[in-house]
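First comes the structure, then the notes that go with it.
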Amino acid sequence: MGRGRVQMKRIENKINRQVTFSKRRSGLLKKAHEISVLCDAEVALIVFSTKGKLFDYATDSCMDRILERHERYSSAEKQLIPTDTESNGSWHLEHARLKARIEALEQKQRHYMGEDLDSLILKELQNLENQLDSALKHIRAKKSQLMFESISELQKKDKQLHEQNTSLAKQMKERENTQGMDQQSHIQPPLEASTGIGGGNYIYQGARDHGGTASSALHLTTTTTTLLPQWMLMSRLGE
């Protein structure tokens, strides 16, 4: 027994309506994919559920390009058939186009985050995976470039600090050598006694009597290293 003909009217049962929507949506997406592959056609399909959820399909995931092509075609037709409400219509069309584009971008963003993937077929999932792989390669390349630049900058700073350290060490060594030479130049040699008594043996011969003849001679020998004042020496000789 064949399946009966479905009457084209709104399904009142909410559950049956949701089940039918899910089945028909999958079939519609499948048919859109088949016609794009078999006939090499550019197909863009946009479906909104009763809850406002977006389901779309585009050949090779080029929804934006297909919408822009549709916009150019619609604009060309409007130029050929001008109307009194052309300005209002253009604004409404622009609003609808921008709204559709925003919704498509939001849908892509959710796909990139790994959300709402139920409506995607195998080919779309493969395209999404390839796009994510390509994005990861660019991110890793940029990260590696920044790391290499940071390492190079640190190496330059290390070289500069090493050169400054070597220069400071050289200056300190030169300053120490200069101070040592200054200290040696300020050291004076030991003083010699003006009386001829200089830390060793000395002989003093002195005095004659009033008659002019040498009445006595004093021969004084000492081994002391202490210098006696002149007045003390003369007083001892007078004794």
Side-chain angles (χ1 to χ4, degrees), residues 11 14-79 89-161:
I11 301 175
K14 185 177 181 180
I15 298 176
N16 293 338
R17 186 168 65 246
Q18 183 64 31
V19 172
T20 303
F21 173 79
S22 180
K23 290 181 179 180
R24 297 280 178 144
R25 182 201 66 203
S26 300
L28 185 61
L29 293 173
K30 182 179 179 181
K31 292 296 182 180
H33 175 65
E34 289 176 354
I35 192 173
S36 65
V37 174
L38 295 175
C39 303
D40 194 19
E42 290 187 357
V43 180
L45 176 64
I46 300 175
V47 179
F48 287 98
S49 66
T50 55
K51 295 182 179 180
K53 190 174 182 180
L54 172 66
F55 300 93
D56 62 346
Y57 170 82
T59 305
D60 297 331
S61 299
C62 296
M63 177 67 74
D64 294 339
R65 182 168 57 83
I66 296 175
L67 290 176
E68 289 177 359
R69 184 176 179 183
H70 176 267
E71 174 65 20
R72 291 195 303 269
Y73 182 80
S74 299
S75 299
E77 282 189 342
K78 285 187 176 184
Q79 290 177 0
S90 62
W91 282 110
H92 287 295
L93 183 61
E94 182 70 14
H95 176 267
R97 187 182 68 84
L98 292 176
K99 185 177 180 180
R101 186 170 183 179
I102 291 172
E103 291 174 351
L105 291 175
E106 290 177 350
Q107 182 71 13
K108 282 187 177 181
Q109 184 177 5
R110 289 193 293 269
H111 290 168
Y112 291 146
M113 297 296 294
E115 302 174 356
D116 295 341
L117 301 178
D118 296 336
S119 61
L120 299 180
I121 61 176
L122 179 60
K123 184 177 180 181
E124 292 175 341
L125 291 174
Q126 290 176 349
N127 292 333
L128 180 61
E129 183 180 6
N130 294 333
Q131 292 176 4
L132 293 175
D133 289 338
S134 178
L136 283 175
K137 289 180 181 179
H138 289 297
I139 293 172
R140 289 168 181 166
K142 185 62 177 180
K143 179 182 176 182
S144 300
Q145 180 183 356
L146 292 177
M147 290 178 64
F148 287 141
E149 291 177 356
S150 179
I151 292 172
S152 177
E153 187 68 21
L154 291 175
Q155 290 177 348
K156 290 180 180 179
K157 290 182 178 180
D158 180 70
K159 184 178 179 181
Q160 291 176 357
L161 292 174

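The first residue in the sequence is number 1, and the count goes up from there. A quick note: this is a predicted structure, and the numbers were derived from the prediction, not measured.
Surrounding CZ of R24 are at most 12 heavy atoms belonging to other residues, nucleotides or ligands under 6.0 Å away. Other residues, nucleotides and ligands place more than 12 heavy atoms under 6.0 Å from the CZ atom of R17. More than 12 heavy atoms of other residues, nucleotides or ligands shown are found within 6.0 angstrom of CG on D133. With a 6.0 Å radius and a threshold of 12 heavy atoms from other residues, nucleotides or ligands, Q109 has its CD atom at or below the threshold. Within 6.0 Å of the CG atom in L154, the count of heavy atoms belonging to other residues, nucleotides or ligands exceeds 12. The environment of I35 atom CD1 is sparse: at most 12 non-hydrogen atoms of other residues, nucleotides or ligands sit within 6.0 angstrom.
When all heavy atoms of V43 and T59 are compared, the closest pair comes out as N-OG1, 2.8 Å.
Taking 4.5 Å as the limit, some side-chain heavy atom of F21 sits within range of a side-chain heavy atom of V47. For the pair Q126 and L122, the minimum side-chain heavy-atom distance is below 4.5 Å. The shortest side-chain heavy-atom distance between Y57 and L28 does not fall under the 4.5 Å cut-off.
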Could you pull out all donor-acceptor pairs under 3.5 Å where a side-chain atom in residues 98-106 meets a protein atom, sequence neighbours excluded?
none

Step-by-step side-chain contact (heavy atoms from CB on, under 4.5 Å) determination, M63 to Q107
CA-CA 11 Å; M63 177 67 74; Q107 182 71 13; over 6 Å; no

Intermediate values then yes/no, salt bridge (charged side-chain N to carboxylate O under 4.0 Å, His left out), R65 and E68
CA-CA 5 Å; R65 182 168 57 83; E68 289 177 359; over 6 Å; no

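Between E153 atom CD and K156 atom NZ the span is 6.0 Å, to the nearest 0.5 Å. Here CZ of F55 is found 9.0 Å from OG of S26. Values are rounded to the nearest 0.5 Å. Expressed to the nearest 0.5 Å, how far CD of Q18 lies from OG1 of T20 amounts to 9.5 Å. Note: L45 CG to R25 CZ = 11.0 Å, rounded to the nearest 0.5 Å. A distance of 7.5 Å separates NE2 in H111 from CG in L128, rounded to the nearest 0.5 Å.
In summary, of the residues considered (E149, M147, K143), a side-chain contact (heavy atoms from CB on, under 4.5 Å) with Q145 occurs for E149 alone.
Remark: Q160 engages no residue in a side-chain hydrogen bond (donor to acceptor under 3.5 Å, both in side chains) (not counting sequence neighbours). By the side-chain hydrogen bond (donor to acceptor under 3.5 Å, both in side chains) test, E124 pairs with no residue at all, sequence neighbours left out.
Formation of a donor-acceptor pair under 3.5 Å by the S134 side chain with backbone atoms of Q131 is not found in this model. S150 contributes no side-chain N or O that, together with a main-chain N or O of L146, makes up a donor-acceptor pair within less than 3.5 Å. Side-chain N or O atoms of S152 include none that pairs as donor or acceptor with a backbone N or O of F148 at under 3.5 Å.
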